[in-house]
Amino acid sequence: MTASKAYESVEVGTELPARSFPVTRASLVQYAGASGDFNPIHWNERFAREVGLPDVIAHGMFTMAEAIRVVTDWVGDPGAVVEYGVRFTKPVVVPDDETGATVEVGGKVAAKLDDNLVRVDLVAMSDGKKVLGMSRAVVRLA
């Protein structure tokens with residue numbers, strides 16, 4: 001695959017289409033199985049509360065992976081991501097109900113760099129709280 005977005009067609013301030021990602025307890029169990037991270041704070045409400053959390057929380061790497069999908073969907077090629085990093089600021093609390101939680105992610109081109117690279121800054125929110133800070137990706141465009 002190659003990036004479908006042309007460097008020349010993008011300006012600083014270009015907004016990426018925002019996305020909403022549902023997170024349920026089932027999502028967390030599936031992610032735990034795929035990642036091997038079976039920490040009980042991600043599936044056991046009693047344990048999560050005993051260690052001071054409000055409820056079960058999503059894996060940080062799961063949240064990070066969902067957020068970068070805004071970029072990979074926009075650029076059309078996951079391989080175009082050259083760099084990606086975040087700071088985990090608040091946990092995504094996932095209640096045990098039919099709805100779970102939602103992570104809302106938006107992004108904006110923050111800088112045009114050399115060699116067809118752009119820096120995209122992301123904002124990820126859940127329950128009105130910013131869950132990822134300093135969320136940035138560098139992406140190579142066509």
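Remember, it's a predicted structure, so these values are computed and weren't measured experimentally.
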pair [X]-[Y]: side-chain heavy atoms closer than 4.5 Å:
X	Y	answer
V139	V82	no
V109	W74	yes
L141	V118	yes
D37	H42	yes
K5	V10	yes
F21	T102	no
R19	R69	yes
L28	V56	yes

Heavy-atom donor-acceptor pair, [X] side chain to [Y] backbone, under 3.5 Å:
X	Y	answer
N39	I41	yes
T89	K130	yes
R25	V94	yes

What's the shortest heavy-atom distance between E11 and E8, and which atoms?
-> OE2-O, 4.0 Å
Could you tell me how the ring of F62 sits relative to the ring of Y31: parallel (under 30°), tilted (30 to 60°) or perpendicular (over 60°)?
-> perpendicular
Give the intermediate values and the outcome of salt bridge (Lys or Arg N to Asp or Glu O under 4.0 Å) for residues D121 and R136.
-> CA-CA 5 Å; D121 291 352; R136 295 180 173 171; 3.6 Å; yes
Is there a path of hydrophobic side-chain contacts, each under 4.5 Å between heavy atoms of I, L, V, M, F, W or Y residues, that connects I57 with M125?
-> no
